[in-house]
Amino acid sequence: MTEHRLLSEQPTIDPSATVINCRLGSWTDIGPNTKIEETEFGDYSYTDGDATIIYSTIGRFCSIASHVRINPGNHPMWRVTQHHLTYRRIRYQFADTDDETIFNWRRSHRVTIGNDVWIGHSATIMPGVTIGTGAVIGAGSVVTKDIEPYTIAVGVPAKPLRLRFPEPVIEALLKSQWWNWDRSELEDHFHELCDVDSFLKLVHEGR
């Protein structure tokens, strides 16, 4: 029997997930064993579980598969040792305070993900990367450079494979900004969201 787990305007957070200093949108779903920190997480976006996300801005309607890593930690390679002990000083009892310059350096390299982006299983999005609206990141990919909207990117490092739609369709989708529709508009035009031709007709008629 199919499980019908209902979401709501209030974020749904699995009991095993860790959420620290985040802003979660409505209808969001934070899956099991996910750790998300200092991140803006847009309406209707979800993680399937076992994801790690830090210092990121994630748009609406994003689908984040299991074991995805967004903005993994960089280490200070310019120091004699790049080990934690030089900045997580309290943990190793070298000082009474940690070295916040390293954490602020990491914060300055936020990841920005647009709307309706699908990130496949075990993909890694490196610090400072921007992924455009409608893009697809293939499973296991490592994204080291920006990805344009509605582009399918795969590999290590990830490279563009193809566009999801012809360019005129992409232009119409971006112009529509359907991801900013309120709940009533989404309900009224739910059928069109399931069919590209119907959606384009709706857009051309001026909605």
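For clarity, every value in this text was computed on a predicted model and none was experimentally measured. By convention here, the first residue in the shown sequence is residue 1.
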For this session: Look only at the side chain of Arg60 and the backbone of Trp179, and say whether a donor-acceptor pair between them is shorter than 3.5 Å.
Result: yes
Exercise. Is a donor on one side and an acceptor on the other found under 3.5 Å between the side chain of Asp43 and the backbone of Ser26?
Worked result: yes
Exercise. When you measure from the side chain of Arg89 to the backbone N and O of Thr86, does any donor-acceptor pair fall under 3.5 Å?
Worked result: yes
Exercise. To the nearest 0.5 Å, what is the distance between SG (Cys22) and CD1 (Ile58)?
Worked result: 9.0 Å
Exercise. Closest heavy-atom contact between Pro127 and Asn74?
Worked result: CG-ND2, 3.6 Å
Exercise. Between Glu205 and Leu202, is there a donor-acceptor pair closer than 3.5 Å when you use the side chain of the first and the backbone of the second?
Worked result: no
Exercise. Would Leu7 end up clustered with Leu193 when hydrophobic side chains under 4.5 Å apart are linked, directly or stepwise?
Worked result: yes
Exercise. Can we say Arg91 and Asp98 salt-bridge, meaning some charged N sits less than 4.0 Å from an Asp/Glu carboxylate O?
Worked result: no
Exercise. Do we see a donor-acceptor contact under 3.5 Å between the side chains of Thr151 and Arg164?
Worked result: no
For this session: Step through the shown structure and confirm whether more than 12 heavy atoms of other residues, nucleotides or ligands are within 6.0 Å of CD on Glu148.
Result: no
Problem set entry | Over all atoms of both residues, closest heavy-atom pair of Asp50 and Thr34 | N-OG1, 3.7 Å
Exercise. With a 4.0 Å cut-off, would you call Asp188 and Arg183 a salt bridge?
Worked result: no
Exercise. Can you tell me how far OG1 of Thr144 sits from CE of Met126, rounded to the nearest 0.5 angstrom?
Worked result: 8.0 Å
For this session: Please report the closest heavy-atom contact between Gly138 and Ala123, naming both atoms and the distance.
Result: O-CB, 3.9 Å
Exercise. Does His121 reach the main-chain N or O of Ser66 with its side chain, forming a donor-acceptor pair under 3.5 Å?
Worked result: yes
Exercise. Any link between Val143 and Trp118 through a network of hydrophobic side chains (Ile, Leu, Val, Met, Phe, Trp, Tyr) touching at under 4.5 Å?
Worked result: no
Seminar exercise, completed: To the nearest 0.5 Å, atom OH of Tyr87 lies from atom CZ of Phe94 at 14.0 Å
Problem set entry | Stepwise side-chain contact (heavy atoms from CB on, under 4.5 Å) test for Val111 and Thr57 | CA-CA 6 Å; Val111 166; Thr57 300; over 6 Å; no
Seminar exercise, completed: So CD1 of Ile147 and CD1 of Ile113: to nearest 0.5 Å the spacing works out to 11.0 Å
For this session: Kindly check if the number of other-residue, nucleotide or ligand heavy atoms within 6.0 Å of CG (Asp96) is above 12?
Result: no
For this session: Enter the distance from Phe41:CZ to Arg23:CZ here, rounded to the nearest 0.5 Å.
Result: 13.5 Å
For this session: Look at the aromatic rings of Tyr44 and Phe61 and report parallel, tilted or perpendicular, splitting at 30° and 60°.
Result: parallel
Problem set entry | Hphob cluster co-occupancy, Leu163 + Leu200, side-chain heavy atoms under 4.5 angstrom | yes
Exercise. What pair of heavy atoms forms the shortest contact from Ala17 to Ile30, and how long is it?
Worked result: CB-CG2, 3.9 Å
For this session: May I ask you to check whether over 12 heavy atoms, not counting those of Arg79, lie within 6.0 Å of atom CZ?
Result: yes
For this session: Determine yes or no for a side-chain-to-main-chain donor-acceptor pair under 3.5 angstrom, with Asp116 supplying the side chain and Thr133 the backbone.
Result: no
Problem set entry | From CA spacing to verdict: side-chain contact (heavy atoms from CB on, under 4.5 Å), Lys175, Val203 | CA-CA 9 Å; Lys175 185 177 180 180; Val203 170; over 6 Å; no
Exercise. Which atom names give the shortest non-hydrogen contact between Ser56 and Asn71, and what distance separates them?
Worked result: OG-CB, 4.0 Å
Problem set entry | Short side-chain to backbone donor-acceptor contact, Thr81 and His83, under 3.5 Å | yes
Exercise. Between the main-chain N or O of Glu37 and the side-chain N or O of Thr39, is there a donor-acceptor pair closer than 3.5 Å?
Worked result: yes
Exercise. Quick check: are there more than 12 heavy atoms from other residues, nucleotides or ligands sitting under 6.0 Å from CD of Glu187?
Worked result: yes
Exercise. His75 vs His84 aromatic rings, parallel, tilted or perpendicular, using cut-offs 30° and 60°?
Worked result: parallel
For this session: Provide the closest heavy-atom pair for Pro32 versus Ser16 in the form atom of the first, atom of the second, distance.
Result: CA-OG, 3.3 Å
For this session: Go through the steps for Arg88 and Ile90 under the test side-chain contact (heavy atoms from CB on, under 4.5 Å), then give the verdict.
Result: CA-CA 6 Å; Arg88 297 188 187 275; Ile90 297 174; over 6 Å; no
For this session: Check whether any side-chain N or O of Thr112 sits under 3.5 Å from a backbone N or O of Thr130 as a donor-acceptor pair, and report yes or no.
Result: no
For this session: With rounding to the nearest 0.5 Å, note down the distance linking CG in Asp14 to OG1 in Thr47.
Result: 8.5 Å
Exercise. Is there side-chain contact between His109 and Tyr55, with at least one heavy-atom pair below 4.5 Å?
Worked result: no
For this session: Determine whether the aromatic ring centres of Phe199 and His189 lie less than 6.0 Å apart.
Result: no
For this session: Examine distances only and state if a side-chain atom of Ser45 and a backbone atom of Cys62 form a donor-acceptor pair shorter than 3.5 Å.
Result: yes
For this session: Treating Ile, Leu, Val, Met, Phe, Trp and Tyr as nodes and any side-chain heavy-atom pair under 4.5 angstrom as an edge, say whether Leu161 and Ile137 lie in one connected cluster.
Result: no
Exercise. For Gln93, does the CD atom sit with more than 12 other heavy atoms under 6.0 Å from it, leaving out its own atoms?
Worked result: no
For this session: Check each of Ile54, Ile64, Thr52 against Ile70 using the side chain to side chain contact (heavy atoms under 4.5 Å, CB included) test, and report the only one that passes.
Result: Ile64
For this session: Report whether Val117 and Ile152 are members of the same hydrophobic cluster (ILVMFWY, side-chain heavy atoms less than 4.5 Å apart, transitive linking).
Result: no
